[in-house]
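Below: the structure, in structure tokens.
Positions are given from 1 along the sequence. The figures here come from the full heavy-atom set of this structure, side chains too, leaving out hydrogens, waters and symmetry mates.
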Amino acid sequence: MIEAKKIIEVKKRVVPAPEREFRAAWIASVANINWPSKRGLSSKQQKEEAIKLLDLLHKNNFNAVVLQVRPQADAMYKSDLEPWSYFLTGTQGKAPSPYYDPLEFWIKEAHKRGLELHAWLNPYRAHHTTGGEITSASIVSKQPELAVKLETGFYWLDPGNKKTQNHSYKVVMDIVERYNVDGIHFDDYFYPYPSYNNNKDFPDDKSWKAYLNTGGKLKRDDWRRDNVNQFVKSIYTNIKETKPNVKFGISPFGFWRPNYPASVTAGFDQYSDLYADAKLWLNEGWIDYFTPQLYWPINRMDVSFPVLLNWWIGENTKERHLWPGMSIGRKKGEEAIDETINQIMITRGMTSKSPGTVHWSIAPLIDSPELTEAIFNGPYKKQALTPSYPWLSTTTPEAPTVNYSKEKNNLQVTWTHKNIDKIANWVVYYKYNSKWDYSIHGNFTNSQNIPLVKVDDKNSKSILKAIAITAVDKFGNESIVKEIIL
């Protein structure tokens, strides 16, 4: 055991703060796009694939994963509300064998690596065209009054049916209440894309007539938008009442409507076709983070990445986190590297208070090692904490209790905390000579070996002079820095 020369509570911070940036990747389960790589894998194979993906993100200094857990009104986890997913076992309603709960496993392994896990759900998709036969376990069979068939083979839950909204609400809140997720995430699928029904109108005559019969006054398109708006607002409100630390994010289509911004003179209209008033959700602050799918390159004139991002920034009146979705697989080789890094850097410059991006998808990070290496050696060179959420909490957590001793050539540091369930990360700071650096850990970790002397490539030695350990809570608030001078 060695004694500290001095312990200083740093009120005016002299220890440089770690980088803050949301660095996430989507992992899709529908059609076995990302995980599991194919249906019917053994539990061991599924776990091995999950670990490989999480290790890839952790190794390259990502700090979050957005995992699809409800691809078609079924579950990649144990649920009493919906059947086990076809994309997991190959049979909807069949549990993994030997049994395990994939979502529970993913959360635990993500948190071990200091990664947040956001559970991604499709609120209304009832059956995907790649989802196998409609079985007795499907919601299409069990609650046929909720689902409508589209001409291309999809089935969709009718958002105008109150029972649909209640069911999807229960599914979301069941995950929030039972699992230690860091976030709930919706993508752009509310009412379906028109092409799913061969560009014919959504078949909701029954619920529309029921609305009119109860005295409804809205026009049909406004009624559809209101169905979605009320659902989004309800989800946000109830997540905050139940577990305030669980963040709610939505990833809408990349622009609101043609002519918003002015450069978008044509193209898809999510407001009219998906009945998704994404601008309203952002204006009202019904989300904690907003991830518009800005899947176009910087130099495309009509839908330029920074131009679209700037328009959304202008609509972010409640100052929520604005972390654009980036498509990192559309280009190849040096072109992909250049576009991806430029988009990350543009986002940092335009959203400098709380930068972040979500990468679509994890596949290019696996398939293009040169792209992943360039991101790691460039913008993600250092670990980063996710940004804090000041509208949710600004309470400073207590600092951990730190113990340390000299073990050969290392300082063995351990720490404990009396409210560990409220802690997401630890930051271990260390000063060699006059230069501070840090490492970030998930809350499962409680120790680190720090070399007493570092030798660089030029055989120059640096001596460990001081350390500090802080706790970061689930809102991103960091405890007071207590500098321990050795």
Are Ser251 and Phe186 close enough, and set up right, to give a side chain to side chain contact (heavy atoms under 4.5 Å, CB included), and what steps lead you there? CA-CA 6 Å; Ser251 176; Phe186 290 166; over 6 Å; no

Scanning both residues in full, the closest heavy-atom pair of Asp473 with Ala424 reads O-CB, 3.9 Å

side-chain hydrogen bond (donor to acceptor under 3.5 Å, both in side chains) with Arg300: which residues, sequence neighbours excluded? Asp302

Measuring from Met350:CE to Ile346:CD1, what's the distance to the nearest 0.5 Å? 8.0 Å

Short N-O contact, Arg224 and Asp221, less than 4.0 angstrom: no

Side-chain touch Pro244/Ser393, heavy atoms, less than 4.5 angstrom: no

Which residues pass the ring-ring contact (aromatic ring centres under 6.0 Å, His included) test with Tyr271, not counting sequence neighbours? Trp256

Tell me every residue that passes salt bridge (charged side-chain N to carboxylate O under 4.0 Å, His left out) with Glu104, counting only those two or more places apart in sequence or in another chain. none

By side-chain hydrogen bond (donor to acceptor under 3.5 Å, both in side chains), which residues pair with Lys47, not counting sequence neighbours? none

Distance flag, aromatic centroids of Tyr169 and Phe231, threshold under 6.0 Å: no

Sequence-distant partners of Lys240, side-chain hydrogen bond (donor to acceptor under 3.5 Å, both in side chains), two or more places apart: Asp288

Salt bridge or not for Lys233 and Glu284, using N-O below 4.0 Å? no

Can you list the steps and then say if Thr91 with Tyr86 is a side chain to side chain contact (heavy atoms under 4.5 Å, CB included)? CA-CA 5 Å; Thr91 303; Tyr86 168 81; 5.9 Å; no

Only pairs at least two apart or in different chains count here, so list each ring-ring contact (aromatic ring centres under 6.0 Å, His included) that has a residue in residues 33-61. Trp35-Trp106

Within residues 19-28 or reaching into it, pairs that qualify as salt bridge (Lys or Arg N to Asp or Glu O under 4.0 Å) - sequence neighbours excluded: Glu19-Arg23, Glu21-Arg23, Glu21-Arg348

Does a salt bridge link Asp277 with Arg225, judged by any charged N lying under 4.0 Å from a carboxylate O? no

Are any of the side-chain heavy atoms of Trp84 and Leu88 separated by less than 4.5 Å? yes

CA sep, side-chain torsions, deciding dist, call: Trp281, Phe190, ring-ring contact (aromatic ring centres under 6.0 Å, His included): CA-CA 13 Å; Trp281 313 334; Phe190 290 92; 5.1 Å; yes

Roughly how far apart are Trp360 CH2 and Asp187 CG, rounded to 0.5 Å? 9.0 Å

Closer than 4.0 angstrom, basic N to acidic O: yes or no for Asp158 and Lys206? no

Yes or no on side chain to side chain contact (heavy atoms under 4.5 Å, CB included) for Thr347 and Phe305, after CA distance, side-chain angles and deciding distance? CA-CA 9 Å; Thr347 301; Phe305 179 93; 3.5 Å; yes

Between Tyr211 and Trp223, ring centroids under 6.0 Å: yes

Is the terminal nitrogen or CZ of Arg39 (NZ for Lys, CZ for Arg) located under 6.0 angstrom from the six-membered ring centre of Phe87 and within 45° of that ring's axis? no

Below 6.0 angstrom between ring centroids: does that apply to His128 and Tyr155? no

Is the closest basic N to carboxylate O distance between Glu398 and Lys418 below 4.0 Å? yes

Please evaluate residues Asn60 and Leu365 with respect to the criterion side chain to side chain contact (heavy atoms under 4.5 Å, CB included), reporting the C-alpha separation (whole Å), side-chain torsions for both, the decisive distance (0.1 Å), and the verdict. CA-CA 10 Å; Asn60 289 285; Leu365 299 174; over 6 Å; no

Between Tyr275 and Phe202, is the ring centroid distance below 6.0 Å? no

For the residue pair Phe268 and Phe255, is the inter-centroid distance of their aromatic rings smaller than 6.0 Å? no

Can you pull out every side chain to side chain donor-acceptor pair (under 3.5 Å) where at least one residue sits in residues 107-118? Sequence neighbours excluded, please. Asp55-Arg113, Glu109-Lys112, Glu109-Arg113, His111-Asp182, Glu116-His118, Glu116-Thr386, His118-Tyr289

Side-chain donor-acceptor pairs of residues 137-145 under 3.5 Å, sequence neighbours excluded:
unit_1	atom_1	unit_2	atom_2	d
Ser138	OG	Val140	N	3.0
Ser141	OG	Thr135	O	2.7

Please list all pairs meeting side chain to side chain donor-acceptor pair (under 3.5 Å) that have one or both residues in residues 316-326, counting only residues at least two apart or in different chains. His321-Ser354

Quick check, are the ring centers of Tyr191 and Tyr196 under 6.0 angstrom apart? no

Approximate separation, where rounding is to 0.5 Å, of Lys219 NZ and Asp226 CG: 14.5 Å

In the structure I gave you, are the side-chain heavy atoms of Ile287 and Lys247 within less than 4.5 Å of one another anywhere? no

The criterion is side-chain hydrogen bond (donor to acceptor under 3.5 Å, both in side chains); which residues satisfy it with Trp312, sequence neighbours excluded? none

Looking at Trp26, Phe62, Tyr295, which hits ring-ring contact (aromatic ring centres under 6.0 Å, His included) with His359? Phe62

Starting at CG of Asn419, measure out to CD1 of Ile423 and round the result to the nearest 0.5 Å. 7.0 Å

Could you give all pairs that pass the salt bridge (Lys or Arg N to Asp or Glu O under 4.0 Å) test and reach residues 75-97, with sequence neighbours left out? Arg70-Glu82, Lys78-Asp80

